[in-house]
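Let me begin by presenting the structure, written as structure tokens, before commenting on it.
Numbers here are sequence positions counted from 1.
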Amino acid sequence: QVQLVESGGGLVQAGGSLRLSCAASGRTFSSYHMGWFRQAPGKEREFVAAIYWGGAVTYYADSVKGRFTISRDNTKNTVYLQMNSLKPGDTAVYYCASTTRYYPQAASYTQTRGYDYWGQGTQVTVSS
């Protein structure tokens with residue numbers, strides 16, 4: 001099993017920044033591909049960003065490209081999501097997810113079914 005715990009959410013004004021963290025435990029963190037998803041009330045959970053095990057390859061949803069940055073520090077068993085230029089539309093519960101599987105198609109990492117473990121979520125609220 002893998003346990004994932006998100007932190008860093010909060011209330012910010014539009015145009016501001018937040019950095020989310022996801023601490024992993026239970027298995028070797030470096031063996032997992034990691035992703036961030038978000039879910040607003042009444043909406044389906046949607047993909048935000050993903051990072052491969054080595055950290056060399058990242059993938060972003062078009063809605064956050066250029067504003068968000070995903071990174072990982074394997075020595076700390078932690079993955080980060082730096083969120084800049086936040087918009088009210090970014091308001092959601094943000095979830096960290098992990099998988100040991102490697103998919104030949106990058107699109108597989110944008111789907112919730114591609115991940116095995118999930119954190120409890122952290123609330124991000126952006127005011128206007």
Side-chain angles (χ1 to χ4, degrees):
Q1 285 190 323
V2 172
Q3 283 73 239
L4 305 174
V5 180
E6 303 97 332
S7 62
L11 174 64
V12 297
Q13 190 176 12
S17 298
L18 283 175
R19 187 180 70 170
L20 306 183
S21 298
C22 174
S25 63
R27 293 185 180 180
T28 303
F29 176 74
S30 60
S31 298
Y32 288 81
H33 299 264
M34 307 294 297
W36 285 98
F37 291 75
R38 65 188 183 186
Q39 187 169 24
K43 292 267 292 179
E44 295 293 318
R45 192 168 298 186
E46 66 175 357
F47 169 77
V48 176
I51 186 167
Y52 292 178
W53 70 268
V57 179
T58 57
Y59 191 70
Y60 298 91
D62 289 341
S63 59
V64 306
K65 195 173 299 180
R67 299 188 298 121
F68 291 10
T69 302
I70 187 172
S71 62
R72 66 191 297 164
D73 186 341
N74 290 341
T75 66
K76 299 180 179 179
N77 292 345
T78 302
V79 63
Y80 305 95
L81 184 68
Q82 178 66 46
M83 306 185 295
N84 298 326
S85 302
L86 283 163
K87 306 174 181 179
D90 296 319
T91 296
V93 176
Y94 283 70
Y95 296 91
C96 177
S98 68
T99 180
T100 59
R101 290 171 287 177
Y102 181 84
Y103 302 106
Q105 302 179 68
S108 297
Y109 293 104
T110 71
Q111 306 296 316
T112 58
R113 63 179 179 271
Y115 293 83
D116 303 307
Y117 301 99
W118 296 83
Q120 84 288 349
T122 185
Q123 177 70 49
V124 172
T125 303
V126 184
S127 65
S128 59

**Prompt:** Roughly how far, to the nearest 0.5 Å, is the CE atom of Met83 from the OG1 atom of Thr69?
**Reply:** 11.0 Å
**Item:** Trace of the side-chain contact (heavy atoms from CB on, under 4.5 Å) decision for Tyr109 with Thr99
**Value:** CA-CA 9 Å; Tyr109 293 104; Thr99 180; 4.2 Å; yes
**Prompt:** Given Val48, which of Trp36, Tyr95, Tyr59 fulfils the side-chain contact (heavy atoms from CB on, under 4.5 Å) condition?
**Reply:** Trp36
**Request:** Report the C-alpha distance between Trp118 and Thr112 in whole Å, list the side-chain angles of each, state the deciding distance to 0.1 Å, and finish with yes or no for side-chain contact (heavy atoms from CB on, under 4.5 Å).
**Result:** CA-CA 10 Å; Trp118 296 83; Thr112 58; 3.8 Å; yes
**Asked** When clusters are formed by joining ILVMFWY residues with side-chain heavy atoms under 4.5 Å apart, either directly or through shared neighbours, do Tyr115 and Tyr80 land in the same one?
**Response** no
**Asked** Angle class for the Tyr102/His33 ring planes (parallel below 30°, perpendicular above 60°, tilted otherwise)?
**Response** tilted
**Request:** Please work out which of the three classes, parallel, tilted or perpendicular, describes the rings of Phe68 and Tyr94, given edges at 30° and 60°.
**Result:** tilted
**Qualifying side chain to side chain donor-acceptor pair (under 3.5 Å) pairs with a residue from residues 7-20, counting only residues at least two apart or across chains** = Ser17-Asn84
**Message:** Would you compute the distance between atom CD of Gln3 and atom OG of Ser98 and round it to the nearest 0.5 angstrom?
**Reply:** 9.5 Å
**Request:** Before giving the answer on side-chain contact (heavy atoms from CB on, under 4.5 Å), spell out for Asp90 and Arg38 the whole-Å C-alpha distance, their side-chain angles and the decisive distance to 0.1 Å.
**Result:** CA-CA 9 Å; Asp90 296 319; Arg38 65 188 183 186; 2.9 Å; yes
**Asked** Is Val79 close to Leu81 at the side-chain level, that is, under 4.5 Å between some pair of heavy atoms?
**Response** no
**Item:** Spacing of Gln120 atom CD and Cys96 atom SG [to the nearest 0.5 Å]
**Value:** 9.5 Å
**Item:** Pairing residues for Thr125 by the side-chain hydrogen bond (donor to acceptor under 3.5 Å, both in side chains) criterion, not counting sequence neighbours
**Value:** Gln123
